[in-house]
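Because the structure is predicted, anything quoted here is derived from the model rather than measured.
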Amino acid sequence: MISHITINQRDIVYDSRAQQAALSVTVHHRDGATEPSLLVMDPGQVELYAIQLDQAIARRKTAQEGVSR
């Protein structure tokens with residue numbers, strides 16, 4: 001059973017022929033085992049996640065500014 005997935009510290013690879021981006025990840029199982037895998041995204045998913053990550057970064061920045069006051 002999978003417990004979680006983490007993103008590896010590698011660049012995203014874009015395949016223009018398939019029009020897909022692939023992000024290297026590690027799948028973590030509840031028994032402690034791990035295995036490498038890929039998160040494959042179509043262009044719409046890449047754009048959506050870019051927007052969502054920008055929003056998360058902005059929220060984090062706002063929260064940090066509130067703490068430092």
Side-chain angles (χ1 to χ4, degrees):
M1 182 174 267
I2 296 172
S3 66
H4 65 284
I5 297 172
T6 56
I7 298 171
N8 298 335
Q9 300 290 326
R10 299 207 172 106
D11 291 338
I12 292 176
V13 177
Y14 184 74
D15 181 342
S16 59
R17 289 183 298 145
Q19 294 187 354
Q20 295 177 332
L23 180 61
S24 176
V25 298
T26 299
V27 178
H28 299 262
H29 298 271
R30 291 184 189 234
D31 66 2
T34 61
E35 62 184 301
S37 191
L38 291 174
L39 172 60
V40 179
M41 301 168 281
D42 64 38
Q45 291 170 314
V46 171
E47 290 180 19
L48 174 63
Y49 299 143
I51 291 167
Q52 291 175 334
L53 288 169
D54 282 343
Q55 291 171 344
I57 291 166
R59 288 185 192 118
R60 179 176 182 256
K61 183 178 178 182
T62 299
Q64 286 177 330
E65 290 170 351
V67 170
S68 65
R69 291 182 185 177

Could you pull out every donor-acceptor pair under 3.5 Å between side chains of residues 45-57 and any protein atom, sequence neighbours left out?
unit_1	atom_1	unit_2	atom_2	d
Q45	OE1	D42	N	2.8

Please output the side-chain donor-acceptor pairs of residues 15-25 that fall under 3.5 Å, not counting sequence neighbours, one pair per line with the distance.
unit_1	atom_1	unit_2	atom_2	d
D15	OD1	R17	N	3.0
D15	OD1	A18	N	3.2
S24	OG	N8	ND2	2.7

Kindly state each residue pair satisfying ring-ring contact (aromatic ring centres under 6.0 Å, His included) with at least one member in residues 27-48, sequence neighbours excluded. H4-H28
For residues V13 and L38: do they belong to one hydrophobic cluster (side chain heavy atoms under 4.5 Å, members Ile, Leu, Val, Met, Phe, Trp, Tyr)? no
Applying the 4.5 Å side-chain criterion to the ILVMFWY set and letting contacts propagate, would Y14 and I7 be lumped into a single cluster? no
Interatomic distance, OG1@T34 vs CD1@I2, rounded to 0.5 Å, equals 12.0 Å
